[in-house]
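Chain A is the first sequence line, chain B the second, and so forth, proteins listed ahead of strands; every chain is numbered from 1.
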Protein chains: 2
Amino acid sequence: MNQSESSNQELQPITNIDPLIHAPTRLKIMAYLSIVESADFTFLMNQTGLTRGNLSVNLRKLEDAGYISIKKVFVDRIPRTLIRLTGEGRLAIQTYRENMQQVLNELLGDKE
Amino acid sequence: MNQSESSNQELQPITNIDPLIHAPTRLKIMAYLSIVESADFTFLMNQTGLTRGNLSVNLRKLEDAGYISIKKVFVDRIPRTLIRLTGEGRLAIQTYRENMQQVLNELLGDKE
DNA sequence: CTAAATAAGTTTATAAAATAAACTAGTTCA
DNA sequence: TGAACTAGTTTATTTTATAAACTTATTTAG
């Protein structure tokens with residue numbers, strides 16, 4: 001294994017980063033959803049500090065990827081959007097966490 | 001401390017993420033420089049797989065932030081650009097690592 | 001010696017992504 | 001009944017990332 005291959009392997013975990021989860025805005029959404037059963041749109045918006053438009057667009061991306069599921073309900077005739085993590089989303093977070101752990105372990109060259 | 005404050009504190013580490021380092025392209029650059037004394041432009045380009053323009057623009061950003069220093073030398077009349085991490089850059093990586101460790105520890109709600 | 005090819009970058013055009021403003025449809029309130 | 005408010009969606013705008021085009025210099029081939 002030559003030096004080039006070695007270096008490529010060192011940077012491989014960064015190449016493998018899931019950009020969908022890695023973006024701070026979506027990371028906040030996924031992080032919050034990972035510790036609650038479900039959340040509604042307005043509540044999630046308040047917890048994350050995102051604007052309505054920003055949250056909506058990013059929820060759509062996560063839904064399209066199969067990481068979250070969205071359910072529309074009515075409470076006293078008022079529409080409510082409920083968001084929850086899917087099994088696939090939970091798995092994606094776990095993979096992201098393990099991959100990033102590897103990245104962090106290799107930063108600065110000291111292994112912990 | 002009400003629930004809102006608690007949630008805001010949980011997401012705080014994500015809010016504190018340094019976007020300069022967090023972007024995968026620059027994370028690769030910083031990660032590589034964190035384990036070598038210095039690297040030259042062409043070598044770094046080969047190790048990271050980036051194009052000349054992409055690497056140049058991102059090196060400029062890291063230099064402007066004070067995370068790296070750039071030195072131009074001539075080897076047999078050929079220009080060479082040498083890049084190395086600064087003390088401030090090393091500190092920024094350390095802060096990023098600690099902050100992201102916190103993020104990872106809180107994902108999925110289980111503490112390790 | 002000269003023109004073409006190559007090298008080491010920088011600059012800028014283009015593409016992609018992120019974000020917030022504008023918009024829509026419905027409910028509540030004065 | 002019209003204004004204000006709410007819960008989103010859509011789209012315009014801004015920001016960021018990326019690669020193509022460009023620049024300057026050296027090397028190579030004829």
Practice task
Would you kindly give the CG-to-C1' distance between B:N46 and C:dA8, to the nearest whole Å?
Solution key: 12 Å
Problem - B:V57 side-chain proximity, nearest of C:dT12, C:dG9, C:dT19 - result: C:dT12
Problem - Expected output: side-chain B:N58 to main-chain B:N54 donor-acceptor under 3.5 Å - result: yes
Handout entry: Polar side-chain atom of A:R26 near backbone of A:L20 as donor-acceptor pair, under 3.5 Å
Key = yes
Problem - Protein-nucleotide distance (A:D64, atom CG; C:dA17, atom P), rounded to Å - result: 13 Å
Practice task
Measure up the B:Y32 and B:F43 rings against each other and bin them: parallel (under 30°), tilted (30 to 60°), perpendicular (over 60°).
Solution key: tilted
Completion exercise
On DNA chain D, more 5' by nearest nucleotide between B:P19 and B:I78 is B:P19
Problem - Interatomic distance where CZ belongs to B:R52 and C1' belongs to C:dA7 [whole Å] - result: 7 Å
Problem - Below 4.0 Å: OP1/OP2 of C:dA8 and any side-chain N or O of B:R80 - result: yes
Handout entry: Length of the CE-C1' vector between A:M45 and C:dT19, whole Å
Key = 14 Å
Fill in the blank from the handout: Separation of C:dA8 atom P from B:L59 atom CG, nearest Å, is 15 Å
Problem - Presence of B:K72 side-chain N/O under 4.0 Å of C:dT10 phosphate oxygens OP1/OP2 - result: yes
Fill in the blank from the handout: Rounded to whole Å, CG of B:L44 lies from C1' of C:dG9 at a distance of 13 Å
Practice task
Please answer whether the main-chain N or O of B:G53 pairs with a side-chain N or O of B:S56 as donor and acceptor at a distance below 3.5 Å.
Solution key: no
Problem - DNA chain D: 5'-most and 3'-most nucleotides touching chain A, 4.0 angstrom heavy-atom criterion - result: D:dA7 to D:dT11
Practice task
Mind checking the CD-CD spacing from B:Q102 to B:E10? Nearest 0.5 Å is all I need.
Solution key: 11.0 Å
Problem - Presence of B:T81 side-chain N/O under 4.0 Å of C:dA8 phosphate oxygens OP1/OP2 - result: no
Exercise for the section: Mark yes or no for whether B:T86, through its side chain, and B:S69, through its backbone, hold a donor-acceptor pair below 3.5 Å. Expected result: no
Exercise for the section: Give a yes or no on whether the backbone of A:A23 and the side-chain of B:H22 come within a donor-acceptor separation of less than 3.5 Å. Expected result: no
Exercise for the section: Map A:A23 and B:N54 onto DNA chain C by nearest heavy atom, then report which one ends up closer to the 5' terminus. Expected result: B:N54
Practice task
Look at A:R26 and C:dA17 and indicate whether a side-chain polar atom (N or O) is within less than 4.0 Å of OP1 or OP2.
Solution key: no
Problem - Presence of B:T42 side-chain N/O under 4.0 Å of C:dA8 phosphate oxygens OP1/OP2 - result: yes
Practice task
Please state how far atom CG in A:D76 lies from atom P in C:dT27, giving the value in whole angstrom units.
Solution key: 12 Å
Handout entry: A:K28 NZ - C:dT19 C1' separation (whole Å)
Key = 13 Å
